[in-house]
Amino acid sequence: MRMTVRTVTAATAAASLALLLTACGGEEKKTEDTGKADASASAAAKPDVKALTAAELEKLLVTQADLKTHKVQKAKDAGILNPGDVSADKPACEPLAELLSGVAPGTPGASAQVQAVEVKQKKAASPDDVIGALKAPTTTVTLGSYAGEGAQQALASLKTAGTDCAAGFTLHAGGEKTKVTKVAPETLTAGDEALAWTVTSDMDGEPFVSKLVVLRKGNNLAGFGTISLAGEVKELPKAVVDAQAAKLR
């Protein structure tokens, strides 16, 4: 739909410009020259934004030194999915499916990933504490860097998906299928702009509640997906989000 609107708008603008030039007669060249000058000035004012490399993104990822309340560890290669490994039964929901799967949405030039597990025990733990630790909220942080307006476009597509896919969709990732039953918006302020949701999925007939956050800082996006083996995450991963946002300044 967005492409169609752009096409119609461009066609309308072109037709209006043609009528204006015809009516002005001798003023045509002056108007054309002015238009070229304005376009050149606009191009000069807008720098060519380039995506960071994977190595540069790795340096921007949150680390153990940045986050004392969590155990920060590098994501295992076996668990990292590529964009082609993720899809949704509704095309509009694909950006959300990618973010939920730890994949940088849209078309990033590079991406990098780390995991942060919330840690509450600082002393020798009992068997019950060990079980509790296994159920601790785990946040996957995925950074993506984009050329041009790629980051803004990816965030816009996520905003649209959050609305269009509120009633759910089916996610296909790494050969597995997950039924998302509800996507509810949350409020969060971070970076240049941010979005957040509570996502409810169907796991063998039981609700599985997770949190999803994405923030943009310049031409970089940071995605945060938080899950718990307990089956429900009650709060947004604000400590992780804040620590990662600080690294992107």
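These numbers were taken from a predicted model, which means no experiment stands behind them. Just the heavy atoms: all of them, side chains too, but no hydrogens, waters or symmetry mates, feed the values below.
Taking 4.5 Å as the limit, every side-chain heavy atom of Leu236 sits out of range of all side-chain heavy atoms of Val241.
Clustering ILVMFWY residues whenever any of their side-chain heavy atoms sit less than 4.5 angstrom apart, transitively, puts Leu248 in the very cluster that holds Val114. Taking hydrophobic clusters as Ile, Leu, Val, Met, Phe, Trp and Tyr residues chained together by side-chain heavy-atom distances below 4.5 Å, Leu52 shares a cluster with Val141. Both Leu155 and Val183 are part of a single hydrophobic cluster, where members link through side-chain heavy atoms under 4.5 Å apart. Val213 and Leu99 are members of different hydrophobic clusters when ILVMFWY side chains are connected at heavy-atom separations under 4.5 Å. Hydrophobic clustering of Ile, Leu, Val, Met, Phe, Trp and Tyr side chains at less than 4.5 Å, counting indirect connections, keeps Val233 apart from Leu195.
Note that the CG atom of Leu96 and the OG atom of Ser157 stand 8.5 Å from one another [nearest 0.5 Å]. In this structure, the separation between CG on Leu61 and OG1 on Thr142 is 8.5 Å, given to the nearest 0.5 Å. Rounding to the nearest 0.5 Å gives a distance of 12.0 Å between CD of Glu58 and OG1 of Thr63. Atom CG of residue Asp85 and atom CD of residue Glu176 lie 12.0 Å apart, to the nearest 0.5 angstrom. To the nearest 0.5 Å, atom NE2 of residue His70 and atom OG1 of residue Thr138 are 8.5 Å apart. Leu100 CG to Glu94 CD: the interatomic distance, rounded to the nearest 0.5 Å, is 12.5 Å.
Applying the 6.0 Å contact sphere to NZ of Lys182 captures no more than 12 heavy atoms from other residues, nucleotides or ligands. Within 6.0 Å of CD in Gln73 there are more than 12 heavy atoms belonging to other residues, nucleotides or ligands. With a 6.0 Å radius and a threshold of 12 heavy atoms from other residues, nucleotides or ligands, Lys159 has its NZ atom at or below the threshold.
When atom types are taken as modelled, the side chain of Gln64 and the backbone of Leu67 share a donor-acceptor pair closer than 3.5 angstrom. Judged purely by atom type and a 3.5 angstrom limit, Gln113 uses its side chain to pair as donor or acceptor with the backbone of Gly102. No side-chain donor-acceptor contact under 3.5 Å links Asp89 to the backbone of Phe169. Looking at Glu232, its side chain never comes within 3.5 Å of a backbone N or O of Val209 through a donor-acceptor pair. Remark: the backbone N or O of Leu60 is paired with a side-chain donor or acceptor of Gln244 at under 3.5 angstrom. Looking at Thr181, its side chain does come within 3.5 Å of a backbone N or O of Thr200 through a donor-acceptor pair. Side-chain N or O atoms of Lys217 include none that pairs as donor or acceptor with a backbone N or O of Ala190 at under 3.5 Å.
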Verdict with reasoning, Lys211 to Thr198, per side-chain contact (heavy atoms from CB on, under 4.5 Å)
CA-CA 5 Å; Lys211 300 292 185 180; Thr198 292; 2.6 Å; yes

With side-chain contact (heavy atoms from CB on, under 4.5 Å) as the criterion, how do Thr178 and Thr170 come out once you've worked through the C-alpha distance, each side chain's angles and the decisive distance to 0.1 Å?
CA-CA 6 Å; Thr178 301; Thr170 299; over 6 Å; no

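Salt bridge status for Lys247 with Asp66: present, with a side-chain N to carboxylate O gap under 4.0 Å.
Across every non-hydrogen atom of Pro105 and Pro95, the tightest pair is CB-O, 4.2 Å. A pairwise comparison of heavy atoms in Ala104 and Gly144 identifies CB-CA, 4.0 Å as the closest pair. Of all non-hydrogen atoms in Lys90 and Gly168, the two that sit nearest each other are NZ-O, 3.0 Å. When all heavy atoms are compared, the tightest approach of Ser111 to Ala54 is O-CB, 4.2 Å. The minimum heavy-atom distance between Met203 and Phe208, with the atom names listed, is CG-CB, 3.4 Å. In this structure, Ala51 and Gly109 approach most closely via the heavy-atom pair CB-CA, 3.9 Å.
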Ignoring hydrogens and angles, write down the donor-acceptor pairs under 3.5 Å from the side chains of residues 219-228, residues two or more places apart or on other chains.
{"unit_1": "Asn219", "atom_1": "ND2", "unit_2": "Lys50", "atom_2": "O", "d": "3.0"}
{"unit_1": "Asn219", "atom_1": "ND2", "unit_2": "Tyr146", "atom_2": "O", "d": "2.7"}
{"unit_1": "Asn220", "atom_1": "OD1", "unit_2": "Ser145", "atom_2": "OG", "d": "2.7"}
{"unit_1": "Thr226", "atom_1": "OG1", "unit_2": "Thr139", "atom_2": "OG1", "d": "2.7"}
{"unit_1": "Ser228", "atom_1": "OG", "unit_2": "Lys135", "atom_2": "O", "d": "2.4"}
{"unit_1": "Ser228", "atom_1": "OG", "unit_2": "Ala230", "atom_2": "N", "d": "3.0"}

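Under 3.5 Å, the side chains of Ser201 and Lys179 contain no donor-acceptor pair of N or O atoms.
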